[in-house]
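Heads up: the structure comes next, in structure tokens.
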Amino acid sequence: MNRGRSEVRNGGSISTSLNGEHVMLAETGNAQVSVEEGASPKIFTDNAPWWVQGNNPSESQSLTKASTTIYTHTLTGAPFTGETMVVKQGDGTLVLPGEEQASPRCGRAHCSMTASLPTAPCGSTALPH
């Protein structure tokens, strides 16, 4: 249940009607969402996952290599405006719109992350996984 949050799905849009709200993207695969000009949610939370498949029981005589799939969530369109806080969760990749957004950290990074999460390098459009 997402009380107090609005969830946007793959193929959806973050519009100005969500300004001031907590918006989240939590697709369990690759996703692309468009951002409308002037969109300014209070918080945008992205949970881009990765998936590890395979196992190696202790009684196995041979090592079975696990496969890993890293998913990407891509925002297209306009950059967020105002003071939107971007929170990146999960081990997948978040790609932000290609236009630069102001940040107090260096004046041109796309966003700053909360807590101990990584920060996008100045001028970068993708956040590390």
Side-chain angles (χ1 to χ4, degrees):
M1 184 169 280
N2 292 320
R3 290 190 181 164
R5 296 176 286 198
S6 298
E7 185 172 356
V8 63
R9 308 288 293 175
N10 184 29
S13 176
I14 300 172
S15 69
T16 56
S17 67
L18 296 172
N19 285 1
E21 294 189 26
H22 185 171
V23 177
M24 62 183 287
L25 173 58
E27 290 285 342
T28 57
N30 292 322
Q32 183 169 317
V33 171
S34 64
V35 178
E36 181 181 287
E37 185 73 40
S40 181
K42 181 175 183 176
I43 301 169
F44 172 72
T45 301
D46 176 71
N47 191 350
W50 71 334
W51 185 21
V52 178
Q53 301 173 62
N55 60 38
N56 187 31
S58 60
E59 65 275 0
S60 175
Q61 297 299 316
S62 64
L63 182 63
T64 303
K65 183 177 179 182
S67 66
T68 302
T69 304
I70 299 173
Y71 294 104
T72 300
H73 290 176
T74 303
L75 300 185
T76 63
F80 291 128
T81 61
E83 297 184 11
T84 298
M85 178 190 311
V86 176
V87 178
K88 167 69 177 72
Q89 298 175 322
D91 290 322
T93 302
L94 170 62
V95 179
L96 297 169
E99 296 185 34
E100 297 195 14
Q101 300 183 38
S103 167
R105 185 170 78 67
C106 69
R108 61 185 188 102
H110 275 274
C111 65
S112 58
M113 306 309 288
T114 59
S116 61
L117 297 173
T119 302
C122 292
S124 173
T125 60
L127 295 180
H129 52 275

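Quick caveat, the model's predicted, so the values are computed rather than measured.
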Worked check of side chain to side chain donor-acceptor pair (under 3.5 Å) between S17 and S15 | CA-CA 5 Å; S17 67; S15 69; 2.7 Å; yes
Non-hydrogen side-chain atoms of [X] and [Y] separated by less than 4.5 Å:
X: L25; Y: F44; answer: yes
X: I43; Y: V87; answer: yes
X: S67; Y: Q53; answer: yes
X: I14; Y: F80; answer: yes

Going through the distances and angles, do E27 and R9 end up as a salt bridge (charged side-chain N to carboxylate O under 4.0 Å, His left out)?
-> CA-CA 7 Å; E27 290 285 342; R9 308 288 293 175; 3.3 Å; yes
Restricting to pairs with a member in residues 68-80, which pass side chain to side chain donor-acceptor pair (under 3.5 Å), not counting sequence neighbours?
->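 Checked against side chain to side chain donor-acceptor pair (under 3.5 Å) - neighbours excluded - the pairs reaching residues 68-80 are D46-H73.
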How many angstroms lie between atom CG of L94 and atom CD of Q89, to the nearest 0.5 angstrom?
->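 Answer rounded to 0.5 Å: 11.5 Å.
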Working to the nearest 0.5 Å, report the span between CZ of R5 and CG of L18.
->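 Between R5 CZ and L18 CG, I get 14.0 Å after rounding to 0.5 Å.
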Heavy-atom pair of closest approach, residues G29 and P49 = N-CG, 4.4 Å
Minimum heavy-atom distance between G82 and S40, given as atom pair plus value | CA-OG, 3.8 Å
Knowing that exactly one of V86, T81, V35, T84 qualifies, which makes a side chain to side chain contact (heavy atoms under 4.5 Å, CB included) with P41?
-> T84
Do the side chain of T45 and the main chain of M24 share a donor and acceptor less than 3.5 angstrom apart?
-> no
Can you list every pair that meets ring pair (Phe, Tyr, Trp, His ring centres under 6.0 Å) and has a residue in residues 21-40, with sequence neighbours left out?
->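 Matches after skipping sequence neighbours: none remain.
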Partners of T16 by side chain to side chain donor-acceptor pair (under 3.5 Å), sequence neighbours excluded?
-> E36
